[in-house]
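Below is one structure, written out as structure tokens; the observations come after it.
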Amino acid sequence: MQREEKQLEAALEALLQRINDLKTSIRTLLFRLENEYASLSWPSVLDSYAVISGQMNTLLKVMKNDKTPPLRNLIVLPLVLSPDPDEELLRLTEGRVLAFSHDITPDMLRTKPDPDVEQRQNQFEQRASQVPPETAHKQINAMNKVVNHVLEQITHSREDWENEATVRANAAHTCIIADTHALIAAVGLGKNLKTLPTAAPAQPGPGRAQPGPAPGKTTSTIKTTIKAASQAHPYNR
């Protein structure tokens, strides 16, 4: 009797460990889908599904192991039913179950689906059994063709995306990044611009009169101040 109890405890501990790993993977995937959907790529989602699938297979292997006792031959009976809050139960269920009351016990210890769900499942199985084998075989083949075609399209699209990304990564650069940045800084900020020397005004020679105003025109009274080019350039900052 003690040996069977030890085997049961070891089997339950192994199952709980596998279930916790599976729960962690599902929780991580859901978190990424809700918070990282903008940067999430399809290959990473497929990797997450592959991890979950592998953990499911591992869980099934543990359940089918020879050292695991047949759990279907065991029953679970509630020892105490109380509407009062149970802190230990709340901790074990991660905040999902506050009290092991009469209302929640049937759902927690249910070994079969809900009666309505079970009835609908039986109806579907009955409808499926009425389909002739030849018709069912044809429908299965047609569905397999559609699925294989979609899978080929996805595979080709993925290969095209990967090839395009590789070509872009290996493409030769047609410009020098440093020169482009220097040009942008010169145009936008006036960086590294040099000032030009100021040309001296031409002096009149001997015997050469200053040009006067043209006949019929008056001299403008507006005074204009010409700034020397040696002053600070507005873009030379």
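Everything numeric in this text was worked out from a predicted model, so none of it was measured.
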Report the residues that fulfil side-chain contact (heavy atoms from CB on, under 4.5 Å) with [X], sequence neighbours left out, ordered by chain and then residue number.
X: N35; value: F31
X: V45; value: L40, W42, Y49
X: R127; value: F124
X: S101; value: D103, I104

For this session: Take L15 and L71, measure what side-chain contact (heavy atoms from CB on, under 4.5 Å) needs, and give me the verdict at the end.
Result: CA-CA 11 Å; L15 289 175; L71 300 178; 3.6 Å; yes
Problem set entry | Qualifying residue for side-chain contact (heavy atoms from CB on, under 4.5 Å) with L183, from D179, V187, T180 |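 In the set D179, V187, T180, the residue that makes a side-chain contact (heavy atoms from CB on, under 4.5 Å) with L183 is V187.
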side-chain hydrogen bond (donor to acceptor under 3.5 Å, both in side chains) with [X]: which residues, sequence neighbours excluded?
X: H137; answer: N141
X: S39; answer: none
X: S25; answer: Q55
X: D107; answer: R110

Problem set entry | CD (E125) with more than 12 external heavy atoms under 6.0 Å |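 Enclosed.
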Problem set entry | Check against side-chain contact (heavy atoms from CB on, under 4.5 Å), N65 and V62 | CA-CA 5 Å; N65 194 353; V62 173; 5.6 Å; no
Exercise. Remaining members of L79's ILVMFWY cluster at a side-chain heavy-atom cut-off under 4.5 Å?
Worked result: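 Noted: L79 shares its cluster with V80.
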Problem set entry | Other cluster members, I75 - Ile/Leu/Val/Met/Phe/Trp/Tyr, side-chain contacts below 4.5 Å |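 ILVMFWY cluster around I75 also holds L77.
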Exercise. Checking T135 side chain against V131 main chain: does a donor-acceptor pair fall under 3.5 Å?
Worked result: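 Judged by distance alone, no pair lies under 3.5 Å.
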Exercise. So do D116 and R120 actually touch side chain to side chain, heavy atoms under 4.5 Å?
Worked result: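 With C-beta onward as the side chain, the pair stays apart.
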Exercise. Are any of the side-chain heavy atoms of L8 and T68 separated by less than 4.5 Å?
Worked result: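 Not touching, per the 4.5 Å side-chain cut-off.
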For this session: Would you sort out whether F100 and D86 count as a side-chain contact (heavy atoms from CB on, under 4.5 Å), showing the intermediate values?
Result: CA-CA 8 Å; F100 210 64; D86 189 348; over 6 Å; no
For residues 89-98, tabulate all N or O donor-acceptor pairs below 3.5 Å that involve a side-chain atom, not counting sequence neighbours.
unit_1	atom_1	unit_2	atom_2	d
R91	NH2	E88	OE2	2.4
T93	OG1	L89	O	2.7
T93	OG1	V97	N	3.1
T93	OG1	V97	O	3.3
E94	OE1	R27	NH2	3.2
E94	OE2	K23	NZ	2.9
R96	NE	T93	O	3.4
R96	NH1	T93	O	3.4
R96	NH2	T93	O	3.4

Exercise. Which heavy atom of A99 sits nearest a heavy atom of P83, and at what distance?
Worked result: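 Heavy atoms of A99 and P83 come nearest at CB-O, 3.7 Å.
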For this session: Determine which pairs satisfy salt bridge (Lys or Arg N to Asp or Glu O under 4.0 Å) with at least one residue from residues 31-52, sequence neighbours left out, and list them in order.
Result: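 Counting only pairs at least two positions apart or across chains, the salt bridge (Lys or Arg N to Asp or Glu O under 4.0 Å) contacts touching residues 31-52 are R32-E36.
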